[in-house]
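Comments concern the structure below.
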Number of protein chains: 2
Amino acid sequence: MSPKHTEVIDCRPGPDDPGCRATREILDRIGDKWSLYIIATLEHGPLRFSELKRLIEGISQRMLTLTLRGLERDGLVTRTVYPSVPPRVDYELTQMGRTLLEPVMALVHWTIAHKEAIVAAHERFDAAPAPEQGPVKGVIYRQR
Amino acid sequence: MSPKHTEVIDCRPGPDDPGCRATREILDRIGDKWSLYIIATLEHGPLRFSELKRLIEGISQRMLTLTLRGLERDGLVTRTVYPSVPPRVDYELTQMGRTLLEPVMALVHWTIAHKEAIVAAHERFDAAPAPEQGPVKGVIYRQR
DNA sequence: CCGTATCCCCGAGGATACTG
DNA sequence: CAGTATCCTCGGGGATACGG
């Protein structure tokens, strides 16, 4: 194989090479919808549970808890409990978490910068030539 | 210069403000597992369907087709059919697709660079913690 | 306020078989 | 080879209720 088209993410699954799997698993986690939003929302400093819940529209309490636990386990956020009444829990990016902020925000900003172009592309695509009914000679068609 | 904790991704859901929704939808799509892998795999140039299938380990034919259609609809990849026998179809990043490459690869490389640290964090986390007093960073107590 | 524990549903996505 | 069409499963994730 030429040096060009190699696998970027995976390496070959050697008999005992769990490293590739690890990369995939981690990428799946941080590429996760809610993880991305939580990381991005914690950009400017610590937030408590209820603030996160309010700022991340549409997340359920369950998913917020679960995802935060995952990120904590990954060493990306810290969880700080203040034994006050009522209880208060702060979440904050760790050092490593803040390094993740850069690629994550790059993705977010790319999306914001290109959303009009993408919506336009949708309209173009959806207006594509309708597939002909029945077999027509020499026509390469597409389903809708 | 900080309105500190503003929503980075969403704006408030005005009665008719689909723009925010659009951003979320797009981010969900490109943050998608298979989309990320396809974009990354197309980094160095066009690939045909079967090559993509082979290079992206674990993807089913169905998901490859579906995800490629989505990316094509987004204007991120082009689909080129060569009317040969047997048929041959090439997929290639568009201009816009290549601009996406940068943030995506940043994420991929971050993951590769930090996977050992994350695995280490897992081991630390999974070692049962001892309860502590006062506002302390880290876990106060956790159910198992 | 900050969770955890249950129930339950729906749809992402795999497996398989079939066509141009 | 490059899809499309079905079927079917399995677990992500919402809704709800309760506990510290």
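Note that these values count all heavy atoms, side chains included, but never hydrogens, waters or copies made by symmetry. Here is how names work: the chains are called A, B, and so on, in the same order as the sequence lines, proteins then strands, and each is numbered from 1.
Note: the hydrophobic cluster containing B:W110 does not contain B:V119 (ILVMFWY, side chain heavy atoms under 4.5 Å, direct or indirect links).
The CG atom of B:L66 sits 15 Å away from the P atom of C:dG11 (whole-angstrom rounding). Between the CG atom of A:L52 and the P atom of C:dC2 there is a distance of 10 Å, given to the nearest Å. Distance A:L47 CG to C:dC1 P: 15 Å, rounded to the nearest Å. Between A:I56 atom CD1 and D:dG14 atom P there is a gap of 12 Å when expressed in whole angstrom units. Rounded to a whole Å, the CE atom of A:M63 is 11 Å from the C1' atom of D:dG11. Atoms CG (B:D28) and P (C:dG11) sit 16 Å apart, rounded to a whole Å. As rounded to whole Å, 16 Å separates atom C1' of D:dA2 from atom CZ of B:R62. Protein atom OH of B:Y91 is 15 Å distant from nucleotide atom P of D:dC1, rounded to whole Å.
Formation of a donor-acceptor pair under 3.5 Å by the B:S35 side chain with backbone atoms of B:G31 is not found in this model. When atom types are taken as modelled, the side chain of B:T111 and the backbone of A:I26 share no donor-acceptor pair closer than 3.5 angstrom. In this structure, A:R73 contributes its side chain and B:D126 its backbone to no donor-acceptor pair below 3.5 Å.
Residues A:P87 and B:D90 each lie close to DNA chain D; by heavy-atom proximity, the contact nearer the 5' end of the strand is made by B:D90.
The side chain of B:S50 contributes an N or O atom lying less than 4.0 Å from OP1 or OP2 of D:dA2. Between A:R48 and C:dC2, a side-chain N or O to OP1/OP2 separation shorter than 4.0 Å is present. The phosphate of C:dA15 has neither OP1 nor OP2 within less than 4.0 Å of any side-chain N or O from B:S60.
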